[in-house]
Structure formats: C-alpha cells, structure tokens
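Worksheet: one structure, shown below.
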Amino acid sequence: MTDFAEKHAWLSSAPESGFVRVCVVQRRDEAGVDTLRALTLNRHGAKELIESPADWWAAAGDVFGIRSSLFTAEERERLWRQCAAQHEAHAGGTGSEVVPSA
C-alpha cells in the first residue's frame with residue numbers, strides 16, 4: 001500500500017485531480033457500472049441529464065443508496081449547486097450536454 005500512498009494523496013487532494021474537480025458517484029454490479037458524474041447519470045451506457053435537485057437526489061437514492069436524509073438542507077443545496085456548476089463548466093455553458101467521462 002505504501003507504493004500507492006503518494007498518488008492517492010495527489011488524486012484525493014490536488015486541485016487538478018478529476019476526483020477533486022467533479023462530483024462522481026459510482027457502483028458496479030453484475031450488469032455493469034452506474035455513474036453519476038455532476039449532472040450526468042450513466043446507467044450501463046445510457047446517459048441521462050439530471051435537471052433538478054429532486055431528480056439528482058432521487059438518482060442518488062434509487063441507484064446508489066445515498067439517502068438525502070443523511071444531509072442537511074444546506075448540504076443538499078450546496079452539493080446541487082456544485083454539481084450544476086461542474087456540469088456547466090464541462091458543457092460549455094449550454095447546459096444540454098452530458099459531462100464526459102474522465
């Protein structure tokens with residue numbers, strides 16, 4: 001594990017790291033991988049743009065088992081704003097494109 005410590009520290013803390021720049025939730029099962037990257041939900045290759053906080057939290061709960069009740073209203077709002085800003089940065093301000101995979 002010591003061989004990975006330096007890279008792990010960089011990936012989890014460097015401003016240039018994709019793990020720091022974009023909110024990503026992933027899970028793998030026998031059917032494949034589900035990913036929620038900013039506002040883009042990718043369910044086994046089918047990408048969908050999440051357009052509201054309610055839909056984002058529904059996906060977090062239904063697909064990934066992350067209950068919104070674990071967060072305060074302020075934390076939920078802050079996370080939504082961050083994800084929306086990250087999406088806009090990748091979509092070039094159009095808001096209609098899905099965020100590409102890292």
Just wondering, more than 12 heavy atoms not from Glu6 lying within 6.0 Å of its CD? no
Are any of the side-chain heavy atoms of Leu49 and His87 separated by less than 4.5 Å? yes
Nearest-0.5 Å distance that lies between atom NE2 in His8 and atom OG1 in Thr2: 13.5 Å
Flag side-chain contact, heavy atom, 4.5 Å: Trp56 against Leu41: no
Shortest non-hydrogen contact between Leu79 and Cys23, atoms and distance: CD1-SG, 4.0 Å
Applying side chain to side chain donor-acceptor pair (under 3.5 Å), can you list everything that pairs with Ser12, at least two apart in sequence or on another chain? none
Under the 4.5 Å side-chain heavy-atom rule for ILVMFWY, direct or indirect, which residues accompany Leu11? Trp10, Phe19
Minimum heavy-atom separation for Arg37 and Val24, please, with both atom names. NH1-CG2, 3.1 Å
Non-neighbouring partners of Phe71 that pass ring pair (Phe, Tyr, Trp, His ring centres under 6.0 Å), sequence neighbours left out: Trp57
Return the set of residues passing salt bridge (charged side-chain N to carboxylate O under 4.0 Å, His left out) with Arg21 (not counting sequence neighbours), or none when no residue passes. none
Taking the side chain as C-beta and beyond, is there a heavy-atom pair between Arg76 and Pro53 under 4.5 Å? no
Spacing of Glu75 atom CD and Thr72 atom OG1 [to the nearest 0.5 Å]: 3.5 Å
Among Ile50, Leu39, Val22, which one satisfies side chain to side chain contact (heavy atoms under 4.5 Å, CB included) with Cys83? Leu39
Is it the case that the side chain of Glu77 and the backbone of Glu74 share a donor-acceptor pair, with hydrogens and angles ignored and the cut-off at 3.5 Å? no
Check step by step if side-chain contact (heavy atoms from CB on, under 4.5 Å) holds for Thr40 and Glu48. CA-CA 6 Å; Thr40 302; Glu48 172 187 350; over 6 Å; no
Could you pull out every donor-acceptor pair under 3.5 Å between side chains of residues 25-33 and any protein atom, sequence neighbours left out?
from	atom 1	to	atom 2	distance (Å)
Arg27	NE	Asp34	OD2	3.2
Arg27	NE	Val63	O	2.7
Arg27	NH1	Asp29	OD2	3.2
Arg27	NH2	Asp29	OD2	3.3
Arg27	NH2	Asp34	OD2	2.9
Asp29	OD1	Ala31	N	2.8
Asp29	OD1	Gly32	N	3.1

Sequence neighbours excluded, which residues qualify as salt bridge (charged side-chain N to carboxylate O under 4.0 Å, His left out) partners of Glu51? none
